[in-house]
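Everything below concerns the one structure shown next.
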Amino acid sequence: MPEISTRQKQYLSQMKKEKRKVFAARILLFLLFMGLWEVSAARGWIDSFIFSSPSLIIKTFLTMCRNQSLFSHITVTLAETLVSFFFVVILGVGTAILLWCSPRTSQVMEPYLVVLNSLPKSALAPLLIVWLGANERTIVVAGMSVAIFGSVINLYSGFCQADPDKLKLIETLGGHKKEKLTKIVLPASVPLIISVMKVNIGLCLVGVIIGEFIGARKGLGYLIIYGSQTFKLTWVLMSIVILCIIAMGLYAVLNLVEKHVQKQ
């Protein structure tokens with residue numbers, strides 16, 4: 001491999017310094033916010049009963065970890081999110097392929113997909129509880145309902161934007177839809193699929209929490225509703241913080257997958 005020039009080394013060094021500065025700024029902003037929140041609660045500038053404080057949240061978290069009551073809620077929410085995400089990926093890609101293979105079907109289904117995608121999913125949750133019962137299956141379906149329709153629309157649009165010249169070449173060489181799909185459309189759409197997955201993992205988590213709000217006896221969504229009803233607002237804020245951490249962790253995993261795919 002050719003040696004890196006001095007200017008390239010300087011540029012790479014500058015980029016690394018810039019990344020360190022951005023990371024340091026993020027950490028500093030977070031610490032300032034936490035410090036201001038803690039001081040405000042301690043000095044009575046805000047009502048700690050309503051707004052809680054970082055120290056109270058940490059204390060509650062440690063207490064619930066000791067009696068192991070928190071882990072079951074986290075496990076349930078995480079499992080429901082991953083299951084709904086798995087089905088969204090499978091059904092989203094499969095449906096998008098079906099629509100791409102059948103233009104007439106896509107023309108028929110397009111207005112329905114647009115309407116279902118724009119429908120407020122929180123309005124569906126009570127109906128799902130009535131239709132399917134108050135169980136984990138219903139919550140998984142609620143998580144899927146938030147992400148599936150947008151996933152199908154985005155993936156189908158991406159499939160339709162495949163290079164027309166390459167598709168024409170496959171057709172000229174005697175290839176059919178199967179060859180076009182496997183040789184051109186799907187390989188070119190891998191970055192799009194991963195991008196859609198990164199969006200869907202957060203949407204599935206949102207849908208699961210909506211479902212837990214209405215029909216769950218375990219999970220972080222249930223903990224938020226129970227805490228708000230019993231005025232244990234520290235539980236509510238702690239659950240929200242844990243959800244943020246879960247969302248960041250899942251997004252980071254998909255980021256690693258994306259980087260691995262880009263290297264290949």
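Only a predicted model underlies this, so the values are computations on that prediction, with no experimental measurement involved. For reference, positions follow the sequence shown, starting with 1. Quick note: numbers below take in every heavy atom, side chains included, and nothing from hydrogens, waters or symmetry partners.
Side chains of Y222 and I139 form no contact here, defined as non-hydrogen atoms less than 4.5 Å apart. Residues F231 and I50 are not in side-chain contact: their nearest non-hydrogen atoms beyond the backbone lie 4.5 Å or more apart. Counting heavy atoms from C-beta on, the side chains of K178 and L181 never come closer than 4.5 Å. Looking only at side-chain heavy atoms (C-beta outward), E258 and S195 come within less than 4.5 Å of each other. Residues K180 and H176 form no side-chain contact, since every pair of their non-hydrogen atoms from C-beta on lies 4.5 Å or further apart. Contact check for V208 versus V140: no side-chain heavy atoms found under the 4.5 Å cut-off. In this structure the side chain of R26 never reaches within 4.5 angstrom of the side chain of F30, judged on heavy atoms. The shortest side-chain heavy-atom distance between M64 and L223 falls under the 4.5 Å cut-off.
Side-chain contact check for S157 and N154: no donor-acceptor pair (N or O, by modelled atom type) lies under 3.5 Å.
Here CG of L233 is found 11.5 Å from CD1 of I224. Values are rounded to the nearest 0.5 Å. Residue H260 holds its NE2 atom at 9.5 Å from CD1 of I194, rounded to the nearest 0.5 Å. Atom CD1 of I242 sits about 11.0 Å away from atom CG of L237, to the nearest 0.5 Å. Going from atom CG of L203 over to atom CZ of F85 covers 10.5 Å, rounded to the nearest 0.5 Å. Here CD1 of I57 is found 8.5 Å from CE of M238. Values are rounded to the nearest 0.5 Å. With values rounded to the nearest 0.5 angstrom, L220 atom CG is found 5.0 Å from L243 atom CG.
Minimum heavy-atom separation, S69 to N67: OG-OD1, 2.7 Å. Across all non-hydrogen atoms, the minimal contact from M197 to L254 is O-CD1, 3.5 Å. The heavy-atom pair separating M144 from S84 by the smallest distance is CG-O, 3.6 Å. Closest heavy-atom contact between C204 and V88: SG-CG2, 3.9 Å. K218 and S72 get closest at one heavy-atom pair: NZ-CB, 4.2 Å. W235 and G227 get closest at one heavy-atom pair: CB-CA, 4.5 Å.
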Exercise for review: Under the side chain to side chain contact (heavy atoms under 4.5 Å, CB included) rule, what do I46 and W37 come out as? Steps first, then yes or no, please.
Suggested key: CA-CA 9 Å; I46 59 175; W37 185 6; 3.7 Å; yes

Point to revise | D165/L169 under side chain to side chain contact (heavy atoms under 4.5 Å, CB included): CA gap, chis, key distance, verdict | key: CA-CA 6 Å; D165 294 332; L169 177 60; over 6 Å; no

**Study point:** L78 vs L205, side chain to side chain contact (heavy atoms under 4.5 Å, CB included): CA-CA, chis, key distance, verdict
**Key:** CA-CA 8 Å; L78 187 58; L205 182 58; over 6 Å; no

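Residues V146 and V93 fall into different hydrophobic clusters, defined by Ile, Leu, Val, Met, Phe, Trp and Tyr side chains chained together at heavy-atom separations under 4.5 Å. Linking ILVMFWY residues whenever their side-chain heavy atoms come closer than 4.5 Å, directly or via other members, leaves Y226 and F71 in distinct clusters. I90 and V152 end up in the same hydrophobic cluster when Ile, Leu, Val, Met, Phe, Trp and Tyr side chains are linked at under 4.5 Å. Linking Ile, Leu, Val, Met, Phe, Trp and Tyr residues whenever their side-chain heavy atoms come within less than 4.5 Å leaves W45 and M34 in two separate clusters. A single hydrophobic cluster is seen to contain both V141 and L127, as judged by linkage of ILVMFWY side chains at heavy-atom distances under 4.5 Å, directly or through other members.
Without hydrogens or angle criteria, S102 side chain to L99 main chain gives no donor-acceptor distance under 3.5 Å. Remark: side-chain polar atoms of W131 are not paired, donor with acceptor, to backbone N or O of P126 under 3.5 angstrom. Not a single donor-acceptor pair under 3.5 Å links the side chain of S13 to the backbone N or O of Q10. In terms of modelled atom types and a separation under 3.5 Å, the side chain of S53 and the main chain of A41 share no donor-acceptor contact. Not a single donor-acceptor pair under 3.5 Å links the side chain of S52 to the backbone N or O of S48. Of the possible donor and acceptor atoms, one in the side chain of E38 sits under 3.5 Å from a partner among the backbone N and O of S55. No donor-acceptor pair closer than 3.5 Å links the side chain of T95 to the backbone N or O of G92. A donor-acceptor contact shorter than 3.5 Å links the side chain of N135 to the backbone of L132. With hydrogens and angles ignored, the 3.5 Å screen pairs a side-chain donor or acceptor of T60 with a backbone N or O of L56. Of the possible donor and acceptor atoms, none in the side chain of T77 sits under 3.5 Å from a partner among the backbone N and O of I74.
Cation-pi contact between K177 and W100: present, with separation from the ring centre below 6.0 Å and deviation from the ring axis of at most 45°.
Under a 4.5 Å side-chain heavy-atom cut-off, the cluster of Ile, Leu, Val, Met, Phe, Trp and Tyr residues that includes V253 has no other member. Other residues sharing a hydrophobic cluster with V206 under the 4.5 Å side-chain heavy-atom criterion for ILVMFWY residues are I210.
In F87, the CZ atom is not crowded: 12 or fewer heavy atoms of neighbouring residues, nucleotides or ligands sit closer than 6.0 Å. For NZ of K183, the number of neighbouring non-hydrogen atoms (other residues, nucleotides, ligands) closer than 6.0 Å is 12 at most.
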